[in-house]
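Within every chain, numbering begins at 1; the chains are lettered A, B, ... in the order of the sequence lines, protein sequences first and strands thereafter. Just the heavy atoms: all of them, side chains too, but no hydrogens, waters or symmetry mates, feed the values below.
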Amino acid sequence: MLDSMNKNDDVISGVRVRFAPSPTGYLHIGGARTALFNWLFARHNNGVFLLRIEDTDQQRSTKEATQAILESMKWLGLDWDEGPYFQSQRLPIYKRYAEQLVAQGNAYYDTDAEGRTAIRFKMQDNVIILNDLVHGAITFDAAVIEDFVILKADGFPSYNFACVVDDADMKITHVIRGDDHISNTPKQIALYNAMEVRLPEYAHIPMILGEDGSRLSKRHGATSVTEYRDKGYLPQALVNFLALLGWSPGNDQEILSMREMIEKFSLKRVNKTSAQFDNTKLNWMSGQYIKNTSIEELTAAARLFFEKSDIDTTGISINRLSRLIELYHERFKNLQELVDQTRFFFTDSVEYDPAATDKFLKREGISEILKEVYSAISLLNSFDRQGLEGCLRDLTAKAGIGFSKIAQPIRVAITGRSASAGIFETMELLGKETTLKRLENTIKNMDGITNAVGL
RNA sequence: UGGGAGGUCGUCUAACGGUAGGACGGCGGACUCUGGAUCCGCUGGUGGAGGUUCGAGUCCUCCCCUCCCAGCCA
């Protein structure tokens, strides 16, 4: 590393860690958090972070999943120094080690009822102690662990074996992974011992659960990094949020840049308790990041996002689009919300929220009020926020009504919604022509309705 | 069932054995334009029962609950 991100004196030298997903689906947020902790640990210690694809299940592994995982890693900003290595390309290595274990008497050939012959590792009757960096010492009685397959009949290694062979071969110094692997660890330690390889350090980090406290699965809605990207979350926001699931910097600071996370990250401050993924708090954090992002940056990102949402922005200048973003800057928590809130800006056929029209338009006297608004502002020479405010406040003052009496009907008429950015700013941005047209259409529709009812 | 891990506000978290604090949410105000924006305030917790101790979220015992491993899945 040319520019060392960490100048603290707690740096461990020679650190090599890895993230080793199996390519059976998208990168989910639990895996992303495991990758993040490994990455933070590597960067904090100026070590090496490598990627290894555990594609040893020929049925379930796909090229598409591998691509999706790599893309998600890049999107999150988790760059790797080595790899990706593919276990499917290392078959001879596993075979060699497995046969050596057989030769040593630590493993044996075993044929099952279906006639498939595999190599099975023989567990001893000893006590195995795992000194975990997060959990402390954990003791296992190896006698209760059954012999397990290390090399399958198809020549592929099983998980525990491939993991140990590769971690040893790739000189991994710290194994940081989900604590669902704690129960696998005594098997892996037994393998290390049989292979006479030095053990890595272990840090088993707590799992991330769904919002109902159960293990993450598809029925929890969005669980993959890809889905959060597609909803328009900023990668840094998701990273920051994930970092704080199971780790804290030791104070009350919640918004941390990548650099700060790297500086402050320590396995000592990783806790043992699983965390439920709370989308509501993610939204809050995402909103914080949106607010801290410049209008220029947001405008560029928003344009891409609008296009992906089938909203044509080609006729809208950067200047005009950035004015829209500026108005809504503090009102959206992800780009999808921006799209939902500002659809009215891009179309002449505004979608009207029925609840909003019921509450603010389909009321007695509203049509008359809007007509007055219409004629008042159509006389304005400078259709800007100051001119509009002066004109409309004047109108309500003369009529002796509260300003919200006209603000809400106008808002619904021109945006279709009961909540929006400031009403003068919105009218200014839409422009005189569009504003008047929408008011006119609204008035026509209302009169049509009231006439029909015979009022 | 056997083995393993873990239980602090609804959620994420903090607390050398020494006043259980922060954040999100929720609720309530304020903003003579909305609120799903912003600001302010409030609410709410150590799974249960014993024990050790001047003092227990923290240490001990028993119980309860959740999750993981026990696949030729990872």
Watson-Crick or G-U wobble mate for B/G17, both contacts under 3.5 Å:
none
Classify A/Thr56 by what it touches in the nucleic acid, base, sugar-phosphate, or nothing, heavy-atom distance under 4.0 Å.
sugar-phosphate
With rounding to whole Å, what would you report as the distance between B/G57 and B/G25 at their P atoms?
29 Å
How about A/Gln386: does its CD atom have over 12 heavy atoms from other parts shown lying under 6.0 Å from it?
yes
B/C24 versus B/U19 - spacing of their C1' atoms, nearest Å:
25 Å
Spacing between A/Ile150 atom CD1 and B/C73 atom P, to the nearest angstrom:
14 Å
As its Watson-Crick or G-U partner within any shown strand, both distances under 3.5 Å, B/C42 has B/G26
For the residue pair A/Ser88 and A/Asp55, confirm or rule out a side-chain donor-acceptor distance under 3.5 Å.
yes
Considering only heavy side-chain atoms of A/Phe424, the closest of B/A74, B/U13, B/C33 is B/C33
What nucleotide among B/C24, B/C68, B/C72 has an atom nearest to a side-chain atom of A/Asp278?
B/C24
Determine the contact category for A/Glu114: base if any of its heavy atoms lies under 4.0 Å from a base atom, sugar-phosphate if only primed atoms, P, OP1 or OP2 are that close, otherwise nothing.
nothing
Distance check needed: B/C72 P versus A/Tyr108 OH, whole Å only.
11 Å
Nearest to the side chain of A/Val149 - B/U13, B/C72, B/G4?
B/C72
What's the CE-P distance between A/Met207 and B/C69, to the nearest Å?
8 Å
A/Lys187 has a side chain; which of B/C69, B/C72, B/G4 sits nearest to it?
B/C69
Between B/G10 and B/U52, how far apart are the P atoms? Round to whole Å, please.
31 Å
Please evaluate the base of B/A14 for a donor-acceptor partner in the side chain of A/Asn251 within a cut-off of under 3.5 Å?
no
Is a side-chain donor or acceptor of A/Arg18 paired with a backbone partner of A/Leu50 at a separation under 3.5 angstrom?
no
Atom-to-atom span, CG of A/Leu282 to P of B/A23 - whole angstrom
19 Å
Does the B/A23 base have a donor-acceptor partner in the side chain of A/Lys281 within less than 3.5 Å?
yes
Phosphate OP1/OP2 of B/U34 contacted by A/Lys405 side-chain N/O (<4.0 Å)
no
Within this structure, what is the CZ-to-P distance between A/Phe277 and B/U13, rounded to whole angstrom?
12 Å
Regarding A/Ala275, tell me which of base, sugar-phosphate or nothing describes its non-hydrogen contacts under 4.0 Å with the strands shown.
sugar-phosphate
Out of B/U13, B/A74, B/A5, whichever nucleotide has its closest atom nearest the side chain of A/Ile138:
B/A5
Quick one: do the A/Tyr108 and A/Asp147 side chains pair a donor with an acceptor below 3.5 Å?
yes
Taking the nucleotide of RNA chain B with the nearest heavy atom to each, does A/Asp340 or A/Val144 sit closer to the 5' end?
A/Val144
With rounding to the closest Å, how many angstrom separate the C1' atoms on B/U11 and B/G17?
28 Å
State whether A/Lys152 places a side-chain N or O below 4.0 Å from either non-bridging phosphate oxygen (OP1 or OP2) of B/C73.
yes
Could you work out which one of B/G36, B/A37, B/C33 sits closest to the side chain of A/Glu330?
B/A37
Which of the following nucleotides, B/C33, B/A37, B/G21, is nearest to the side chain of A/Ala407?
B/C33
Nearest of B/C73, B/C72, B/C33 to any side-chain atom of A/Gln408?
B/C33
Tell me the interatomic distance from A/Glu146, atom CD, to B/C72, atom C1', rounded to whole angstroms.
14 Å
Tell me what A/Thr24 touches on the nucleic acid: a base, only sugar-phosphate, or nothing, going by heavy atoms under 4.0 Å.
nothing
Rounding to an integer number of angstrom, what distance separates B/U58 and B/G51 when you compare their C1' atoms?
15 Å
So, A/Lys187 side chain and A/Ile145 main chain: donor-acceptor pair closer than 3.5 Å or not?
no
Work out how far the P atom of B/G50 is from that of B/G55, and round it to whole angstrom.
16 Å
With sugar-phosphate meaning primed atoms plus P, OP1 and OP2, does A/Ser22 contact a base, only sugar-phosphate, or nothing at under 4.0 Å between heavy atoms?
sugar-phosphate
Is the phosphate of B/C73 approached by A/Ser158 (side-chain N or O, under 4.0 Å from OP1 or OP2)?
no
Whether the side chain of A/Ser404 engages the backbone of A/Ala407 through a donor-acceptor N/O pair (distance < 3.5 Å, no angle test) should be reported.
no
When A/Arg393 and A/Gly250 are each assigned the nearest nucleotide of RNA chain B, the 5'-most assignment goes to A/Gly250
Could you tell me whether the phosphate oxygens of B/G6, OP1 or OP2, come under 4.0 Å of any side-chain nitrogen or oxygen in A/His135?
yes
So that I can tick it off, tell me whether A/Arg60 and A/Asp57 are bridged by a salt bridge, with the cut-off set at under 4.0 angstrom between side-chain N and carboxylate O.
yes
Nucleotide nearest A/Lys272 when distance is taken to its side chain, options B/A74, B/G6, B/U11
B/G6
B/A14 phosphate, OP1 or OP2, under 4.0 Å from A/Asn271 side-chain N/O
yes
Using distance alone, with no hydrogens and no angle criterion, decide if A/Arg343 and A/Ser309 have a side-chain donor and acceptor under 3.5 Å apart.
no
If you check the A/Asp180 side chain, which of B/C73, B/C68, B/U38 turns out closest?
B/C68
Under 4.0 angstrom between A/Ser418 side-chain N/O and B/U34 OP1 or OP2:
no
Full working for ring pair (Phe, Tyr, Trp, His ring centres under 6.0 Å) between A/Trp247 and A/Phe265:
CA-CA 8 Å; A/Trp247 172 77; A/Phe265 187 78; 5.5 Å; yes
Between the base of B/G3 and the side chain of A/Ser183, is there a donor-acceptor distance below 3.5 Å?
yes
Complementary nucleotide for B/C31 - Watson-Crick or wobble, under 3.5 Å:
none
Separation of B/U34 atom P from A/Phe332 atom CZ, nearest Å, is 22 Å
Between A/Tyr94 and A/Asp166, is the side chain to side chain donor-acceptor pair (under 3.5 Å) condition met? List the steps.
CA-CA 9 Å; A/Tyr94 310 117; A/Asp166 285 346; 2.7 Å; yes
How far does the C1' atom of B/U43 sit from the matching atom of B/G6, given to the nearest Å?
28 Å
State the pairing partner of B/G50; accept Watson-Crick or G-U wobble contacts with both distances under 3.5 Å, and report none otherwise.
B/C60
Counting the atoms with a prime plus P, OP1 and OP2 as sugar-phosphate, which does A/Asn184 contact under 4.0 Å by heavy atoms, base, sugar-phosphate, or nothing?
base
Rounded to whole angstroms, how far apart are CZ on A/Arg269 and P on B/U13?
12 Å
Scanning all shown strands, the Watson-Crick or wobble mate of B/A5 with both distances under 3.5 Å is B/U66
Any side-chain N or O of A/Arg60 less than 4.0 Å from the OP1 or OP2 oxygen of B/A74?
no
Between the base of B/C33 and the side chain of A/Arg411, is there any donor-acceptor pair under 3.5 Å?
yes
When you compare B/A30 with B/U34, how far apart are their P atoms, in angstrom units rounded to a whole number?
11 Å
